[in-house]
Structures are given as C-alpha cells and as structure tokens.
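For the single chain, residues carry numbers from 1 onward in sequence order. Keep in mind it's a predicted model, so treat the numbers as computed, not measured. Below, all heavy atoms of this structure are taken into account, side chains as well, without hydrogens, waters or symmetry copies. Remember, it's 1-based here, ligands and their atoms both numbered in the order they're listed.
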Amino acid sequence: METIVRAACPHDCPDTCAMLVTVKDGVAVKVQGDPDHPFTDGSLCTKVSHYTERTYSPDRLMHPLKRVGPKGKGEFKRISWDEALDEIAMRLKALAAENPESILPLSYAGTMGMLQYSSMDRRFFHKLGASQLERTLCSSAGKAGIKATLGGSYGMDPEHYPDAKLILIWGSNPITSNLHFWTRAQEAKRRGAKLVAIDPYRSLTAEKCTQHVALLPGTDGALALGIMHVLIAEGLIDEDYVSRYTLGYEELKERVRQYPPEWAAQTCGLPVEEVVQLARDYGTAKPAAIRLNYGMQRHAGGGMAARIIACLPALTGAWRDPAGGILLTTADNYHFDHAKLERPDLMPAKRPRVINQSKLGDALTVAQPPVRAVIVYNNNPVAVCPDSNRVIEGFSREDLFCVVMDSFLTDTADYADIVLPATTQLEHTDIHKAYGHLYVLANNPAIAPVGESLPNVEVFRRLAARMGFEEECFRDSDDELARQTIGSGHANLAGIDWETLKKNGWQRLALPKSFAPFAKGGFHTPSGKCEFYSEALKAQGMDPLPAYSPPAELASSNPALAAKYPLNFLSPPVRNFLNSSFANMARFREAEGEPSLELHSADAAPRAIRDGDRVRVFNDRGSFKLRARVNDKPRRGVVVAPSVWWKKFSPDRKNANDVTSQRVADMGGAATFYDCLVEVERLN
Ligand SMILES: Nc1nc2c(c(=O)[nH]1)N[C@H]1C(S)=C(S)[C@@H](COP(=O)(O)OP(=O)(O)OC[C@H]3O[C@@H](n4cnc5c(=O)[nH]c(N)nc54)[C@H](O)[C@@H]3O)O[C@H]1N2
Ligand SMILES: Nc1nc2c(c(=O)[nH]1)N[C@H]1C(S)=C(S)[C@@H](COP(=O)(O)OP(=O)(O)OC[C@H]3O[C@@H](n4cnc5c(=O)[nH]c(N)nc54)[C@H](O)[C@@H]3O)O[C@H]1N2
Ligand SMILES: [Mo]
C-alpha cells in the first residue's frame, strides 16, 4: 500500500521546504517538494531529494555504543539503551552533586524542528542547572545588527522579490544556500530587474547576476556607508518616509559626512565609480530590494555591517512597497511559545554560567570551573567549530565525559564515551518555523525508527525519568509539545492549530498576502521607528550611530599579521553538503570532488601554484592540505575553500576550521569564520 505523508525539511536553510514522503509497505521510497506550497513550489534541493538515502544509509548508527579504544579513534562496542542511559544518568548525577555547571549541552542546528531542536532537551538542562550554551555559530551578529535597526528578525516577505526592479544579493549565495529565493530572483530578472551580487568571490550566484561587486571581505559596512553618503548628497532620500518613520536622521547625516565614496572605495578595494553607481541604482530603482545573508556577517564587524545595511531601505522609502526593503531572517514573525517549550523557569535561582559555542575550544581547555561532561546533539563541533586544534584538545581530555547523539559516526562521535543513535526527520514528529518564509510546517513521521534509534525528545524524557525529575512537563507527549509551541495566543498564529496543521502540512502565518511590514513604520524597536540612532546600543557601550567596524584580519586592520599571512581565507558552504551534514555520503562527496582551494591566478603565480597542485593552507592556529583550483573566482588576495568537509574524509584529517579563529564579532558573540588570514604553499 502506498501513502503520502506530509513532512518538513529539517535542515538549517532559509527555505524550510514542505515535503511529501511516499511510503510503500512501511518503507519511505520517495521525498518530493510539495507542489502546493507557495514557497517550495514542488522542488527540493539535490541533497534533500535524496533524503531516503540518508535515512537508509548503510552508515546509520543502529544502536547505542560505548567507547573501547582511545578518544578520537572511533572504536566502540554495542550496548543496550538501558546500559547507555543508566551510565549517563549515573555520571551526570555525580557531577551535578558537585557542580552542575560542569555539564554542558552542545547542540546546534542539525535539525531546526522545535521539538528536536529546543524543547525537552532545554527543560532537562535547565532543571539540571547545567552551564548554558550561547549558540553563536551562524547568525547572531547579523541578527543583533538588524535588531538594533529594525527591532528584530523581520523583513520583506520573500514571495514579493519577483516584483522588485533591483535586488542586491548581499553576502549571499542563494543558488547554493537559498534556492527557492533564487528562483524568485530569476523571475524578477526575467521581468527586467537588475541583480547585483556583493561578494568577494564569484560564486555560482555572482556568476549569474547582472553585476558582481567584488569587495574586500568584511568591508560591507564601509560600502553601505559610502552608499548612504551618495544617497544623501544626491538627494535620493525619501524625506517624507524618513521624517515620519525613522529616528536620528540629522545625526546620521552628520556622521555619514565622514564616509565619502572615495573612502568607501578605498576601504572596500573597489573603483569609486562602482560605489557611486551602485548608490544611484539603489536610490532610483523602485522598488529596490536587498537579500542580505549570513556570509557578510562572519567577520569582526559583522553586527555593525548588518545594522548599517538595514538602514538603507528606510532612507529611500523602499519599505513602502511589498517588493522593497530588506530580508535577513523572518524568524521573529512566528511568536512561538519558546518559554513554554524550554522552561527557563526550571533553572536554579542563581543562573548557571553561559558558554559561547564559538569559543568552545577555550571552554573545553581553559574555562574554570572546568567542563567535565558534554552532551552533543544536532551538532558536529569537531568539524564545524572554529580553531579545531583547541576543540580537539578539549574533546581528547580523558577526564571529559562525552555523549554524542547523532544518526552517523561523525568526527565528533569518534571522541564520545557513549554514542546514541538518533532518528532522522522521516522517523519523528516535529513542528517548524522558517527563517526565509512565513509558513508554519508540520512534520509527521513517515516510518518507524530505523534500528534502535530514538528522537532527541524521547532520549531526554528517558534521561529525565532516570534523574528523578518529577515535573509533569518531562512527560509531555510530542503532540502536547507541538500544541504548546503554537499556543502563545499571538495574532500571527491565529487560526493555526496542530491537528489541522498535521493534516495539511503547512499554513501561512496570519499576515496579509501583500505584506509590506514597514510601509507605514511600525518597527519593532523601542521607539517604533527605524533607528538610525540606537539608545539600546549606546546603553551597551556601543556607538549609537552607524560607524565602520573593520574586520580583525584584513591587511588594513592588521598589517603586521598580513605581512606574515597575506591572504583572506573564506570557507563558505558547498552546494552538496549542508554544513557538515551529507558530507559523509559518497554521492555528495563525489559530486563535490575533493577538498579544494580556489585562488586568483595573481596569487597563485608568485607561489608557483598551478591548477591541480596540492597545497597547504596555514597560519598560527593550524594548517590543512587540499587541491588548488586556480580559477580567478575569488578576488585577488582572497582564497576560498568550499566547506564543511568531515575531517576523517579529508587528506590529512583536517579541514577549514583548522585555521579559523575563536575571535567573536562586535555583536551577538558571533563566530567570525570568514575573518581569517592565511598563507598558502605548494606541496610537492
Ligand atoms: N547547500 C547548502 N545550503 C545551505 C548551507 C549549506 O551548507 N549548504 N548552509 C545553511 C546555513 S546554516 C546557512 S547560515 C546559510 C549560509 O548561506 P549564506 O547566508 O548565503 O552565507 P554563506 O554561504 O556563508 O556566504 C554567502 C556568500 O558570502 C560571501 N562572503 C564571505 N565574506 C563576505 C563578506 O565579507 N562580504 C560579502 N558581501 N560577502 C561575503 C561568500 O563568499 C559566499 O559566497 O546557508 C544555508 N543553506
Ligand atoms: N569553516 C566553516 N565553518 C562553519 C561554517 C562555514 O561556513 N565555514 N558554517 C557555520 C554555520 S553557518 C553553521 S549553522 C554551523 C553548523 O553546524 P551544525 O549545526 O553542527 O551543523 P552540521 O554540521 O550539519 O551538524 C549537525 C549534526 O546534527 C545531526 N542531526 C541532524 N538531525 C538530528 C536529530 O534529530 N537528532 C540528533 N541527535 N542529531 C541530528 C546531523 O547528523 C549532523 O551530524 O557550522 C558553522 N561552521
Ligand atoms: Mo548557519
């Protein structure tokens, strides 16, 4: 018998696709995009259209494991769930009796479903009094910057991009990472819009845009300040919009005098004409849209850069049109009841310490009191956290008790004392928001769990019982959790109930079809206006006005370091992996070839590097080896290693994060993966 199950793509991607899973005799045989879902529009990316291969992979973990070899070797024996959970509970109880802050949850976005991402697990660690994890690997700088200007993670409805006349695709590679936005950008282009990619690298997307502005990495704030200067100087401002709906224009005007286009051009490494023309195009195209994405904020000045760029649509009044404005993330439109799901009230009165995930290497090696246990789920920190040498030093500690929950034996799982097999999205229930559209989605389980695998929620239920946690909330069912998620009573969730959602698969938030969020102001900031001037930033000791916040590792910011390591190193995601997910599957590794470093010929020549040579990338933090591709796609002075490869599938068991740093950005405590100087040498 064949049935169709309504599901949602769980991966960390703005598109959060609505999926239809075909199940035949209890086996999932096909996963397709839902043709009726307006954003998914019937198509999935290559990775997820092969999702059944992930679920039924011969490499799936089928039962719990216990370490028998040295840490990092990945040598295990099979144990039962009871043995595994008993041992974990025993170890955690002993540590908690002494100091619960010695226990650290390590989770990120392997799945974005609210149940498996942040529900029972959070309750568990809150009740335990464990150290709290500040999840900063991806987006926290940009989000904080946007929040200072717009008041939160709000912006354009991405379904309106086809009506824009100009789209700045800024720090974003949507052909790889936001495919369903890209189809809309192409539709706009067919209707006559100009697409401009702003990226130091000629990505797949930049190649297909009308124009490619290849600025120096980390200088986006300078470009936006130069654009503002021209907009103001040339009278391309919507004075009416500015006077009604913004705060601090006079101060901004004064400030921006310091940033003429000549300065911006010099700082960004661009011709001055290109800066001026970009400003004129942006100031005159109606409607003008910006798709900002996370690539531009993985730098020391990433928060301020996002904040400055987010000021642009208010200056020109682009917000008046549903197809004008900016989008980084739509996430705050949902108003899910996170407090109900996560129960921070279960935490001890004296709040446990907070550990920044971007400084995990330090947290596991030098933090006091030391971390003595980590429970890893939805996360592969050995591969994805910056400064791998420190991270691995931490995971190698004999006195660190390490549990890894995953569907595969990842680079991190190799260091585990206990490995627990996790279900994939086809095997568990979940409810999803998106950060790149405005629908709520339900994920119904299509098949029974493979092997002995269990959903995260169930593992934490069972652990809570073993720990003797008596609160009723540790027994909530999946359906109850999903109902709580959408039970906040916020107007945007009006008319959405779990039973109907499960049946239909998805439903749009209760927002108008031609949603122009700030056409008449209504910003979510303290003043209700678009804040060019931010008291909130001032209170945090930051500049209340837009100001250039330079990257830490750029020749102009750190000439001494650049003398030793002259190349800017970027490691953005490849198309066939999802961060490090899918990178263990032969199909996708073969599609990507091998770990490679793309260079400009002007950087390759003086190092005697030819296309196809083996090279070593290095700096004071570490080094790794890969294949050179001399293709002129990165601008001169920039090298690009598309990522994130598993270390154990790489030539010297190392990857891009062997050279990235633990330094955090100006806002949000965020990682700065792309703020990284290196040198490259040819290997024989
Ligand atoms: N196929 C696939 N899709 C994905 C992912 C994946 O791994 N694979 N990852 C998902 C996740 S978690 C995220 S956060 C997003 C990431 O996707 P995006 O938000 O698009 O961000 P990145 O891919 O990190 O970077 C996008 C572009 O920014 C450029 N860039 C780097 N530094 C700068 C800079 O200083 N200024 C500017 N203007 N550009 C810069 C890079 O060269 C890159 O081409 O994609 C999601 N989607
Ligand atoms: N050099 C470099 N490093 C980067 C980046 C980069 O561009 N360059 N990108 C950064 C960014 S943007 C991000 S978001 C992070 C991503 O870092 P992570 O969130 O750690 O993402 P993944 O590497 O995909 O690893 C997620 C793991 O979760 C597992 N998983 C999936 N679903 C479940 C589940 O239901 N239960 C359990 N227990 N496990 C599950 C997957 O199998 C996978 O092993 O990496 C960051 N690291
Ligand atoms: Mo991310």
Side-chain angles (χ1 to χ4, degrees), residues 10-15 45-47 54 106-113 115-117 135 137-139 142 169-179 197-206 213-220 223 291-299 301-302 305 328 376-381 383-386 404-408 410-413 420-425 427-428 430 435-436 453-456 459 551 568-584 634 638 640-644 646 655-657 659-660 671 673-676:
H11 287 291
D12 186 356
C13 165
D15 297 19
C45 67
T46 7
K47 302 173 293 299
R54 180 178 165 85
L106 279 179
S107 76
Y108 201 55
T111 166
M112 301 286 283
L115 270 50
Q116 312 305 336
Y117 174 84
R135 294 173 176 81
L137 288 181
C138 175
S139 57
I169 300 178
W170 201 323
S172 166
N173 180 14
I175 294 184
T176 288
S177 59
N178 188 188
L179 194 60
I198 303 178
D199 194 319
Y201 170 60
R202 200 170 75 242
S203 66
L204 287 173
T205 305
V213 177
L215 78 183
L216 284 165
T219 63
D220 303 81
L223 180 59
R291 184 60 167 108
L292 192 65
N293 236 318
Y294 294 115
M296 50 70 57
Q297 50 96 66
R298 308 194 201 285
H299 296 273
L328 177 62
V376 185
Y377 56 103
N378 307 340
N379 190 203
N380 184 9
V384 306
C385 283
V404 174
M405 303 160 55
D406 206 299
S407 306
F408 298 98
T410 59
D411 284 338
T412 309
L420 300 175
T423 43
T424 71
Q425 187 77 344
E427 301 148 66
H428 55 230
D430 224 320
Y435 58 95
S453 59
L454 286 178
N456 296 343
V459 175
N568 283 96
F569 174 78
L570 304 178
S571 52
V574 298
R575 194 171 181 181
N576 288 287
F577 307 159
L578 198 298
N579 301 315
S580 80
S581 296
F582 298 98
N584 56 319
V638 175
V640 177
S643 293
V644 180
W646 281 26
N655 72 5
N657 285 320
V659 294
T660 56
F673 290 105
Y674 302 165
D675 196 340
C676 175

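The backbone N or O of Y201 lies less than 3.5 Å from a partner atom in the side chain of D199, making a donor-acceptor pair.
Atom numbering of ligand 1 starts at 1 in the shown order; those under 4.0 Å from a heavy atom of N173 are 20 (O), 26 (C), 44 (O). Heavy-atom contacts of G218 reach the following atoms of ligand 1: 34 (C), 35 (O) (cutoff under 4.0 Å). Under a 4.0 Å criterion applied to the non-hydrogen atoms of R575, ligand 1 contributes the atoms 1 (N).
Side-chain polar atoms of Y435 and D12 form a donor-acceptor pair below 3.5 angstrom.
Take N584 and apply the side-chain hydrogen bond (donor to acceptor under 3.5 Å, both in side chains) test, not counting sequence neighbours, and it matches no residue. N456 is linked by a side-chain hydrogen bond (donor to acceptor under 3.5 Å, both in side chains) to N378, counting only residues two or more places apart in sequence or in another chain. Among residues two or more places apart in sequence or in another chain, the salt bridge (Lys or Arg N to Asp or Glu O under 4.0 Å) test is passed with R135 by none.
Looking at ligand 1, you won't find any N or O of Y201 less than 3.5 Å from one of its N or O atoms. Ligand 1 has no N or O atom lying under 3.5 Å from any N or O atom of N576, backbone or side chain. Polar contact check, P217 against ligand 1: no nitrogen or oxygen pair lies under 3.5 Å apart.
The structure places CG of N173 at 15.5 Å from OH of Y294, a figure rounded to the nearest 0.5 Å.
Contact residues for ligand 2 (protein heavy atom closer than 4.0 angstrom to any ligand atom): D12, R54, Y108, A109, G110, T111, L137, C138, R298, Y377, N378, N379, N380, V384, M405, D406, T410, A422, T423, H428, N456, S571, P573, L578, N579, S580, S581, V644, A656, N657, F673, Y674.
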